[in-house]
Structure formats: structure tokens, C-alpha cells
Amino acid sequence: MTPAPTLAARGVSKSFFGNPVLRDVSIALHPGRIHALLGENGAGKSTLINILSGALLPDEGVVEIDGRSFRGLNPRDAHRAGVAVVQQELGLTSQLSIAENIGLGALPRRYGLIDYRCLARRARAAMDLVGLDEDLATPVGDLPLGRRQMVEIAKALFREPRVLILDEPTSSLSAHEVETLTSLLDRLCAKNVAILYISHRLNEIMRVCQHVTVLKDGVVTADRSIEGVEAADLVRLMVGRDTGHLFPAWTPTTDRDPIVSVSGLSAGVLRNIDISIRRGEVLGVGGLVGQGQEDLLLSLYGALPASARTAEFNGRAKLPSSVRKANALGLAYVPADRKREGLHLIHNIGWNLMLPSFARAFGLSLRDRTKERALASALADRFTIKGDLTRQVQALSGGNQQKVALAKWTPAEPQVLLLNDPTRGVDVETKREIYALLRRLAGEGKAIVLSSSDTPELVHLCDRVAVMREGRIVATIEREALSEEAIVAASMGADLMRTAA
Amino acid sequence: MRSTETVRFPKFQRRTLLMSRPFLTVLIVAALWIAASFAKPGFGAFGHLRYLVELGAVVGLAAIGQTFVVIAGGIDLSVGAIITVSAVGVPLVSFAGDESGAFAALITLAAATVIGALNGIGVALLRAHPMIMTLAMATFLQGLLILLAGGSAVSAQSPLLEWLGSARPTGVPAGVLVWAVASTLSLIALHATPFGARVFALGANSLAATLSGVNVRSTTVAVYAISGLTAGMTGLLLLGMNGQGYVGIGDPYLLSSIAAVVLGGTSILGGSGTYAGSIPGAVLLVTITALITVVNASPGWRSILFGSLILALLLVSGRESRRR
Amino acid sequence: EAAAAAKCMKGDRKPPFTIGWADIYSVPTWMKETQGTIEKEVDELKKQGLVSKLVVTDARGDANTQIQQIQSMIDSNVDAIILIAGSSSAPGRVIADACAKGIAVINFDSLVDTDQVTAKINTDSEQWGASAAKFLIDAIGGKGKILVLNGPAGISVSDDRRKGAEPVLKANPNVTILAETNTAYNVAPAQEAVTNLLFAHPEIDGILSLGGALSAGAVLAFDKQGRKQVPITGENARQFLELWKAKSLKSWATMQPNWLGAFATYAAVQALTGKDVPAFVKIPLPIIDNSNIDQYLAKAKDFPADGYIYSPYDQKLFDELLAQK
Amino acid sequence: MSAAGSAPRLYWPAQRQRNRGVKGLLTVVAAFLALYAYLFPGLISVSGVAKFSQSWLPLVLVSMAQAILMLAGGVSLAIGAMVSLGAVIAATTMAGPLGVAGGAALVMVAGLVTGAACGIVVVRLGLPAIVVTLAASFIVGGAALLILPRPGGAIPAWLSDSLAGETPVAALLVILAVVLWKLYLATPLGLSLYAAGENSVAAYRAGVPVDSARIAAYAVSGLLSTCAGLFVAAQTGSGDPVIGEAFTLNSIAAAVLGGVGFLGGRGAMRGAVAGSLLLSVMINVMYFLGFPPVAHYIAQGLIIVGAVALPEFTARRSSP
Ligand SMILES: Nc1ncnc2c1ncn2[C@@H]1O[C@H](COP(=O)(O)OP(=O)(O)OP(=O)(O)O)[C@@H](O)[C@H]1O
Ligand SMILES: Nc1ncnc2c1ncn2[C@@H]1O[C@H](COP(=O)(O)OP(=O)(O)OP(=O)(O)O)[C@@H](O)[C@H]1O
Ligand SMILES: [Mg+2]
Ligand SMILES: [Mg+2]
């Protein structure tokens, strides 16, 4: 006989504009248990947690807190009842300090004013829990994505929740940060907090969680203890069929002449970088989060003012000085922060897919709608973006948004693809598709630069991995020597390697 | 692939049209006209409605550029000043050989376009906030007007301006014809060309637009240049209609151009909207002004009535959908 | 040793003087013309060694900025301030400060309410309204339906002119006011308003227009809509006078002469040099009617197309005006 | 303030961080103030400060009123009309039976209520702020005309003398306004402004009282505007129903000049205050430099663009 669930949904259904997203879903979160919620992109996970936390109202069904059912639950009530949600990457106010962000919505007060002393103390405690050592007063806008994610988590912990819901908390975290988080979850679990954990990284799920609910197309396909379940089983439950290996077979490419080579590159935090990118390879860029990986990609892409001693781009001896020039040289870039940098959320999917073409075309020519539709449909098919393309991109689930951000470059037939964490928030099945696509493109002689916080991805997919630390490339590891340990060691610094050796 | 196409791009639904802001705004204008002509006989006379559309043309022309700029995520606070400079500047560029006045008009329009482009350059290259840049430009132009105005003893009338101000080919005022042509061109540019798509991209998310290869600078300069051009056209039309340019002639059109754009459903935050809404938006504004004029009340009450009407119509014509 | 005769004067200021001209908004053509007469007068006074410098500020239509600029004039210790007030109430205190510091303050055109000035110079706005109403009522034969066009609401000039017309209108119960408008003193808004009113009122017998370029707008509106012109009052705007002639209107106009600026400058120097200057100089309203319109139009080309054709002036006229009690 | 100087330092360091965006502007403003003091040494005296701060105060107040709204993701075109409303209420009541206290209370209530009404319409009905406040400017302006159809009314002389006399009360009022703003921002409702302005959906989900924060911002903004009107009335000794008109655009200019963003959550109040100071001191500097009006216009345009563009230009761009 298990104790009563702290938070539960009973027979919840929800549809958007007539499209059912959740159908008769029930889920129960128990104290001291880490509960995994699994499903493909668009399965309805975020919608479900939005309902659980009062951000959305269900069409049918009820949310229960400690056995009491709520009809019109709103976020403030949910907070008061001890439910805290870690939204992914969206909840922070960039101008306010880390501490103020952590406290927002639950600020301690004295005489009606914010008690900054208390806030500082408690925020510091929450930050310590997640391993944030930044100054309390740092504006959140200054932080790289991964750190912001940690702030989000600290913000949830600040409220000392009884129920903690995490929506893909690890997708922008480095291996080290993931470690911190998992041990933290274990400790919370021991303190009888009920935890709901969403992730597309199955190995994490297998390691961290005790119970799993699988959603497929808005219906619960499994609700069971995780004991004795294989990762492959989970995938089958999510996808509805057997799938192959996550990573495609790696075949060495023969075409090895560099398409881009730069020496002495300086830009943003980058200091004197030498790099060459070869046709037909996937060049990984690894390291702890925020060591200059993004600046490297942006400066190659002409989006960041940069200088270099020598540069050779597809036969042209100069760094591209603008994005347009980079595009003309055959470069394309897929940003990590798809909502801010990659997509136009208020515009529809088809339009987003066509935007690079609009950017290239002669401005005052007439658009050919028929051709646009055919092209957009073909792209959507190829990247398995389902459904109506006239919907706004913001109505897509996170993973599907990422597919749009990738797919839109295909018509430009880029020679060099600069990818900044392209599989963040993407479900296994889509990941598999993306990986296969990348290898296929490499096989066609394209050059691919893959910056990733997901170390296994670097190990299994790349021909070489450049590891960055403090704006420099500290090691370039060839295929033969590639392993997670090697990458982590290089990213933690030469000193560590020496002591390790 | 027919079937996927219809799934991907479902047939246009009639409800979508009926719920669209431009259409609602048209309905409101129509309703207002009908109601007013019952209340005030004479208001709904053909001649009067025609006159209202003619007045709408003035606001509407200025709103063309404003729509482009607002969709691109900016705002142009210099339209009033550009209108005035164009109207006042024509005599200065008139010369003896130019019988029809066409050259003077062309030079004026070119100058207005250049002024607009300068706004764009300030916004794109100096990274000055659009409000600051265009406000500063309006200030410059005021200074220019001190030099220009009052010095010209030349009358500005020319056959072209005469035609603009009073001709009615086939019963349609010339200004309305010009407006119709300009509107058609703008709608095409906005919705049927890659340039238009870039304007929307810029306004919705300029960072993502840059990273998608959109030339943000040239697009920015272009939209402000368009705004300068249409403000110049407004100036010429006003000059024709009033027989005389004067300092301050453009002032009322700054706020009304913005109001027409927003009443027509274009988001002031940029990235979404259509000029198709600004057209009825412009007519709506002049209609309200006309209504207020024929109502007998003290200035205070008239002002209150005007504000309340705008508010009430805004309530009907729809709400700004929340972003993000 | 000059006696300090005029108000505010302490007799401690020696020529050549610095004159501060606190303009409310220098861009409109009427203001530009006024500025022209001031500069001409200053040049004249410079030749006589009485004035050394003219300092001009432009408040861009904002009464608060004007206060700030007058304060700067006091800070820089100008000898005289001539001003058109942006608000009849707002600059009162700062002007009183200037007066207390022995600066000659001459206020013309738009007047302030305070009496802490050396002199105020203006035509009589109420008389303006009354004369205009009288003319119109005579012109329409003492009865009929009229429109009243007035300047912006909330400012004292337009309010005073309307107030002046009121008793005359009251005394003629057969004259009905169909509608009243308040717009800027400009052609376009007046034309727009009158056109709208034309459709609402099939019968209009006359238009009482209280200044600026409103009348030109009204005439254009009648013309464009093919309505027969009606008797109309107006001001000396060149465009209106030309339309008057071209359309053979039954009309009457008066003016706010631009040379008030020159006169204010002259009066300031008179006060500074110890002469007596009356606290209020009432400028008789010059009248334009069919008898003298041709004289005005003959001078038209000397004036801007959107400007005002003002009556002639000279120093003799100024001296006479200052001598009146 | 209870907040200051806490053990793990937070309040002041966080404040300091917010200075970064306005450093360039602050330098420009300081340079202009120095130039002004050089051109007019009389500035550095009690009455010099008094007079200058009197002309600056109304602009500071309206710039703050505008900046609050812009931080909350709104904007107001009704600021000028609200100033006029404040002025006419003050001028019609203070010399009457209500007295100064009653009149001042009425001015404040009018500002709070009108502001809140605007806020409720914008926030609850989801209408675009720019048109709602445009409509409000006509309604409020009309009300001001009804209360006082032409300039007039009166403010008791002692009040005018104490607020706008030879003592720098206005400078103290600027300080008071800034301190009150700091206090407001140190309340949960005040701080929520930033979150509500930057990303209202996320803020709502995080339990931030988004709607109340925004409506409160409109109310505070209205209060500041009518108080500016009260001061203008006191400064001039009377009321004028159209005295505020120029403040609408000036307030926007000052706020944007100060780096307050149009989309909400960007910038800081100190920027808006500095922006208004620049706009105000510029007028005096140009006077003492002996510029003719044409040069005023040109220089003003250049200074405004320069003050925004220069820091932007020199700052190294660290993001694309
Ligand atoms: N507000 C909305 N309007 C329209 N459709 C929506 C809305 N919210 C969600 N959807 C749709 O509901 C479905 C479920 O979305 P949801 O965000 O819950 O998926 P998810 O399981 O979280 O996916 P991901 O793994 O990609 O985050 C998607 O198809 C999405 O397009
Ligand atoms: N106007 C809107 N129309 C449609 N969907 C919207 C709208 N506003 C918000 N959404 C929501 O945005 C969601 C996508 O972003 P969000 O970050 O909320 O969820 P997510 O799917 O979990 O993304 P991620 O996986 O990156 O966390 C959609 O699932 C939908 O619920
Ligand atoms: Mg999701
Ligand atoms: Mg997701």
C-alpha cells in the first residue's frame, strides 16, 4: 500500500483548437520517488506538466494535490501547495540578478519590502545545491545557456518544493553539471520530495528514475516501475515499434582535403585558434559549457567580428565578414537557442522553412506559392515534421521546433554545416534521424561542425573532436583515441590530465 | 502528393477571413457609416463618403510607410516632419522649364526618400533606437524648415498638384487613385515578394533573421526609405488639396498614421500585420474625426467622445494576441 | 542720468543693450515674419549704438521650455526680454523674476496674466471677435445660419476672440450657430472640418472665422464641393486674401500685425533708455475690406506664399502708439 | 533601507550591475553638466541649483512615468494629457475650500485612478497600449478642458514660493522621487515589473503576479504624471489645460535615450533620469553657447543620436 500521491492527474484530456493532445491521461507522483515521463516530441509531456502546475486548465479531468481535487488550479495556488516546475530555458528575466530571479514569485519580505539579506542567503543556499558559484548579483543575461538552466533549477529549489517537476533539465547541461543534478535529485528523493523528470536521454532515465510513465500521441502506453525495463523497451513504448541503433555505423571518409582552414582566429572570447575543417568529416567541438564553442561557430559564420592570421574558406582567402557572405560561401548555422536565434515563433512553419531562400532571392521578384508549398512539404516529410504547416512554430513542441530549425537550411545545400547543439530537447527517434542525416551529409562530402554538450554524441558521431577551454582549443582528439573519458579529461584541463596520468 | 499538400496547407477557411482584423475593421467602418447617416442626414451622402475616402487617402498614404516600418519592428516618428518638408519644399525645387510640375514632384519625392533612408541608416548602422533616430530626424527637419519656410514667395501651384488636389477622373478623386495604386504595390511588396518576407522576419526576430542570412541593414534602410517616400507623397497630396503648403501641415499625420496601422491589426511590436488592415484603419480614423466635427458639444466633450470612440472600436476590432 | 520711468526699470542698465527674444516656436511662417521685423529693428537700433546683440530662443511650442529659456536669459543677465507667451499663465512667475531684476520685459501677441512686466503690446482679441461678428451679421442681413471656426481649445487667444463675439451673437437671436469647431489655425484641418459640416448642413449663410488660415480652408471647402461661397471673416493670410479676390468673396479681415515684434523691441529700448512706456499698448486692429484689399494684394509678392500680409509701419507709428495714454 | 548592506552582498552589487548599460550616457550627461557650469558659473549656487532643478523636475517625473510603463512592456501617449489634468485640478482646487492638502490628494487620486483604468484596459482586455493611451490622451485631455476651459485658476503663493522659489526644493523632490522608486522596486510588486515586461507568460508560470504588476505600473505612472502637473502648476502659479502636451514625446525620448527598451524588461530607471537630465541641460547649454534656433535644432538632433550611438558604437559587440 503506497502512501497517497502528493500530486496527481486523473483522466485528464486537453486539446488545442480541436486537436487532442492528451487523452484520458492519469499520472500520480509519490513522495520520495523519481518519476520519469517519456514520450516523443509532441507526445504531450509539456502540456501535461503545464496542467499539473496550473499553467493550463484541462478540458476534462482533475488535478489532485494531497488527494484534494482542484478544478481551476492556477500557478500561484500550485506554488503555494509546494509544486515547483523547472521550465526549460524560458523563465528568466535577463536584467535581474541571479538571486532576484531565483526568488521571483516567492520573494521573502520584511515590512513589505524584499528582504534582500534573506534572499541572498537563501538564494546562495539554493545555488550551492546545484553547484552554481557565480556572484549572486550577476545579471542572468550574462550567463551562458547551461548556467541559466541551473538557475532555473535553483529557482525551483528555492521554494523548497514538495513536488519538483523538471522538463528536460539536462538538455543544455554538460556532463559535469548532469552529475551534480542527479546526485541532487537523489538527495531530494531521500527527503521525500516527489519528482517528475522529463528527458530524452534514456541513460539518464535508467540511472535516475524509479518509475516511468510513457506517453504516445497523448495516451499513456505504460505506467510502471522502471525495474527490469531495458532502454530498448522504453523506446519501443514511445515510438511504437522496434528501432535500430541510435548511432549510425561510422565509415571513414576518403575525401580529406580541408574546405575551411583558419589560423590565429580571435573573436569574442576566442584566443588564437587554429582550426581546419575537412570535407566529408564530422568535426566535433566539445568542452565544458561556455568555453567559446558558440563564439567559434559564430565567428566562422561571419556573425561575430573576428580577426585571423590566415583564413581559407572554400577557396577564398578571407573570413566571411557577414552572414550573407558566409551563406554565399556555402556555410549554414543552426543555433542552440532555437527560440531566440533560430526561429520566428510567431510565423508559420512553412514560412520558417523558406526563410533562408527569401534571404537569398532577389527582393522584388514575385514569390511562387506553389513551389514554396511543394518545397516546404518535401522538407517536412524528410524531417518528419507532422501536420499542418500553416501553424505557428510556437505551437510546435520543442523537438519539432528543432527539426524546423535544421530543415530550413537544406534547400541552400550548404557545404559546411555549423551545428550548435542540434539535438537538444530532441527525442530519441528524431535524434537517430538527425544522426543518420549528418553521417549521410558527411558521406556526400559536406563538412559538418558539431558542437555538443552531449558527450556520447561526440564520441559516436565524430571523426575528430576539438576540445575547448577558456577560448582555446586545448586538444584535438582523433577518432582512434575518442572516448568520453578523453573528452572530459581534456575539457577539465591539462593539469588534471597530468595528475591523472 | 496532392493529399499531403492539403494536409500541409489546409484549404483556406472562410472563418479565417471573417475573423481577420482587416475584415473586422472594414465592417466597423461600414457600420459606423450606416449608423452615422441615420443619425445625421447628409453624413451618408455619396459625396461625403467619397470625401472621407479622399481624406483617408492622406492618412493611408502616410500609413503605408508606417506599416512597413512597424512590421519591421520599428516606428517612424518623423513622418509628420517629412510630410511638411515635402509640402513646403516643392516651390524651392520648381523651375521654369517644368511646365507640368512633374520634375519638381519627382525631386521632392527623391529627397523625401533620401531622408527616410537616412533614418534607416541611423537605425541600422548607428544602432540608434528607431524612436530616437526618427525623433532626432524630425528635429533636424524642423531646423531645416526654419531655413526653408517663409523664404519662398513662389506659389506652389502646378498642373500636377492641381490634378492631385481636385481632379476626379471617372468620379474618383485623384488622391484616391494614387492611394489605390500605391496600396496595391505595397500589398504585393509585403506579401508576395521575398523582400516582404524579410521585413516580417526582421520585425519578428531580427537576430534569427540575421542568422538566417537576411540582410538586416539593407532591409532596414529600405523600409525607412519607403516610409520617407510615402510621407513625401502624402506631402504632395496635401499640397494639392490645400493649395498651399505650410509649416505644421504634416503634424496631424504622425499619430494618425500610427493609429491607422494599429487599428488595422498590425502589431506595434513588429513581425505581424498587414497593410490591408491599415486601409480601413485610415478611413476609420477620418470617419471618427468627421463624426466628432458634426456633433455639437464643447471642445472638452468632443475630445472625450473622440477618445471613447477609438477605445470602443478597438474593443470590437480585436485584441492583440499575447506574444511567446 | 535717465530716470527709471517704466515699470521694472531700475535705471542701472547702459547701452548698448542685449535683447533676449523668447520665441515660443520659431518654425511657423507667422513667427518667421515676426522674427524678420525684429531683426530689422535690431539692425536699426544697432546703427544707433543702442543695441549690441539679439539673443533668440525657441521653445518649440512648449511653455515649460520657454520658462527654462527665460530663466537662462535672466541668468545671462540680458537687458531686455521680449516674448510671445506659450501659455497665458505659465511664464508668469519667471517673468516677474526678470522684472524684479530690472530687466525690461515686453510681452506681445500672446499675453501673460501677470502685470509684473514693463509693457504688454497687443491688439484687443475680444474686440477682434466682436468686430468680426458684427461684420458677418451685417453681411448676412441680421439673420441666418452660420458656422463658427475657432483656433485650438484651451488657449486664451482663441477663447478671448470667441468671448468677444458672444455678446454680438446673443444680441442677434435670428442668427443661429449650426456648429463650432476648434482646430489649429491652419488650412488643412479647417478645410476638413468645414467639408464635413457642409454635408451635414445643406444651408449655411455665413462663416465666422476667428483667425489664422482657417478662412482659406473654409473657402477651399466650399469651392471643392461646388457650394456657393458665403460671407466670411478672416485674417490677413496671403492665401485667404488671394482667394477673396479670385472668388470675389464678401469678406472682411483684420490682423495681428507681425510688426508687433519690431515694436516690442523698440519699446524695450525706450524703457531701458529711461523713457516712459505705458503698461499696456493697445494696437488698433487694422481692417482689410473691399476698399483696401487691392493695396494689400499689390504687396503680396513681398510676402511668403503661406505668410501674412501685414500693414505698413515705421518709427513714427511706434512713437505715436507709445504716446497714447 | 533595510535592504542595504546585507551579509552576503546582493542589493548594492545588483544595483551596480545595472549601471553598466548607462555608463556611456552618464559620461555624456556629466560632460554637459560640466560644460553648463563652466558657461554659467552661477549654476553652482543654491539658487542656481534651485532654478535648474525646477525646470528639470517635471521632465524627470514624466520620464520616470514613461520608463515604468516601458519596463512593464507598455508605453503611454497620454502622459502629456495627464500632466495637464494634474495641473488643472491643482489650480482649481488648491486655492478653494479643499486647500492645498485636499487638492494635492485629489491630484494624486486622479492620477492613480486614471492610470489604473488605462492599465486595466490594456492588461485585462489585451488591447495594444499605444492606441489605448492615445485614446486616453483625448479623454483625459478633454476632461482637463472641462475642468478649466482656458488658462487660469490659482495656486496659493506660499506653495509656489516653497516649491519653485529660491530654495532647491525641486532638487530634493527629484531625490525623493528616485528614493521612492528604489523603494518601490524593492517590493515584490515592483521587481515583478521586469519579469512581467520581459516574458509575461514565463513570469505568470513562475507565480509572479503579472497582471497586478503591470496594472500597478500604470497606476504609478499616472500618479507621477499628475504630480508633474501639480508641480508645473505650482511653478507657474496657475493652471493651463494644454500645458502638458510636449511632455508625451519628451518623456519617450528621455526614456529611450536612457536605454529603456520598448519591448519591456530592458533598461533601468537611472537611465531614464539621466536621459531627461540630458534633454533638459542641453537646452541651457545651447543657450549659453549662443546658438541660434536653427543650430539648436540641428545640435539637439545630433546630440540625441550621438548620445545613443556613441556608446553603442564604442562598446565592443560581444553577441551577433
Ligand atoms: N498552445 C498550443 N496551441 C496549439 N498546439 C499546441 C499548444 N501547445 C501544445 N500544442 C501541441 O500539442 C502537442 C504536444 O505538445 P507538448 O509541448 O506537450 O509536447 P512534448 O511532449 O513536450 O514534446 P517535446 O518533447 O518536443 O517537448 C504538440 O503537437 C504541440 O504542437
Ligand atoms: N500562442 C501559442 N500557440 C501555440 N503554442 C503556444 C503558444 N504559446 C505557447 N505555446 C506553447 O509553447 C510550447 C513550446 O514551447 P515550450 O517551451 O512551452 O514547451 P516545450 O515543448 O517543452 O519546449 P522545450 O522542449 O524546448 O522545453 C508549445 O508546446 C505550446 O504549449
Ligand atoms: Mg515539451
Ligand atoms: Mg520539450
Side-chain angles (χ1 to χ4, degrees), chain A residues 90 298 301-303 322-328 331-335 337-352 354-370 372-374 376-378 380-381 385-390 392 394 405 408-409 412, chain B residues 1-13 15-16 19 71 73 124 185-219 221-223 226 266-267 269-273 320-324:
Chain A
L90 49 49
L298 287 177
Y301 191 53
S322 73
V323 169
R324 288 172 56 75
K325 291 200 176 116
N327 288 157
L331 281 83
Y333 171 72
V334 178
D337 188 346
R338 56 185 168 250
K339 286 177 186 163
R340 266 187 63 241
E341 301 174 359
L343 294 170
H344 288 81
L345 295 177
I346 58 170
H347 289 304
N348 66 48
I349 304 168
W351 187 94
N352 269 277
M354 298 311 300
L355 184 59
S357 319
F358 294 146
R360 276 194 318 273
F362 173 64
L364 293 181
S365 56
L366 284 185
R367 282 164 56 182
D368 181 344
R369 300 273 176 174
T370 324
E372 282 176 18
R373 286 177 180 197
S377 306
D381 288 343
I385 301 162
K386 284 179 219 123
D388 178 1
L389 299 185
T390 60
Q392 291 184 347
Q394 66 184 353
K408 71 177 193 179
W409 284 110
Chain B
M1 294 295 280
R2 264 244 66 81
S3 60
T4 47
E5 286 257 335
T6 44
V7 175
R8 295 304 194 186
F9 295 94
K11 264 267 161 1
F12 193 70
Q13 297 205 332
R15 213 191 59 192
T16 326
M19 293 305 293
I71 289 179
L185 290 178
S186 337
L187 282 170
I188 292 174
L190 209 47
H191 298 292
T193 67
F195 168 73
R198 288 178 211 161
V199 174
F200 280 96
L202 188 58
N205 184 342
S206 73
L207 187 52
T210 311
L211 292 175
S212 302
V214 173
N215 191 337
V216 167
R217 285 184 185 179
S218 67
T219 310
V221 174
V223 293
I226 291 174
T266 295
S267 164
L269 302 174
S272 73
E320 179 126 309
S321 57
R322 294 204 174 196
R323 297 289 292 267
R324 280 179 288 224

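Per chain, numbering begins at 1; letters A, B, ... match sequence-line order. All figures in this text were calculated on a predicted structure; none of them were measured in a lab.
Looking at B:Ala222, there are no atoms closer than 4.5 Å to chain A (heavy atoms on both sides), in backbone or side chain. Both the backbone and the side chain of A:Asp388 come within contact range of chain B, each with at least one heavy atom under 4.5 Å from a heavy atom of that chain. Using a 4.5 Å cut-off between heavy atoms, A:Arg369 contacts chain B through its side chain alone, with no backbone atom that close. When heavy atoms are compared at a cutoff of 4.5 Å, A:Lys386 approaches chain B solely by way of its backbone atoms N, CA, C and O. Within the 4.5 angstrom heavy-atom criterion, only side-chain atoms of A:Tyr301, from C-beta onward, approach chain B. A:Ala376 touches chain B through its side chain: at least one heavy atom from C-beta onward sits under 4.5 Å away, while N, CA, C and O do not. For chain B, the nearby parts of A:Leu364 are the backbone and the side chain; heavy atoms of each come within less than 4.5 Å.
Taking chain B as the reference chain and counting heavy-atom pairs below 4.5 Å, the highest number among A:Gly302, A:Gly363, A:Ser322 is found for A:Gly363. Per-residue counts of heavy-atom pairs under 4.5 Å with chain B were compared for A:Lys325, A:Arg340, A:Met354; the largest is that of A:Arg340. Contact count against chain B (heavy-atom pairs under 4.5 Å) is highest for A:Ala380 among A:Ala380, A:Ala412, A:Ala405. For chain B, the option among A:Arg324, A:Lys408, A:His344 with the highest count of heavy-atom pairs below 4.5 Å is A:His344.
Between A:Phe358 and A:Trp351, the two ring planes are tilted [angle within 30° to 60°].
B:Arg8 places a side-chain heavy atom less than 4.5 Å from the side chain of A:Asp381. Side-chain contact check for B:Val199 versus B:Thr219: some heavy-atom pair is nearer than 4.5 Å. Residues A:Ile346 and B:Phe200 have side chains not in contact (no heavy-atom distance under 4.5 Å, counting atoms from C-beta outward). B:Asn205 is not listed as a side-chain neighbour of A:Leu345, based on a closest heavy-atom distance of 4.5 Å or more. Taking the side chain as every heavy atom from C-beta outward, B:Val214 and B:Leu202 never approach each other to under 4.5 Å.
In this structure, A:Asn327 contributes its side chain and A:Leu331 its backbone to a donor-acceptor pair below 3.5 Å.
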(message) Show, in sequence, the C-alpha distance, side-chain angles and deciding distance for A:Ile349 and A:Thr390, and conclude whether the side chain to side chain contact (heavy atoms under 4.5 Å, CB included) test is met.
(response) CA-CA 6 Å; A:Ile349 304 168; A:Thr390 60; over 6 Å; no
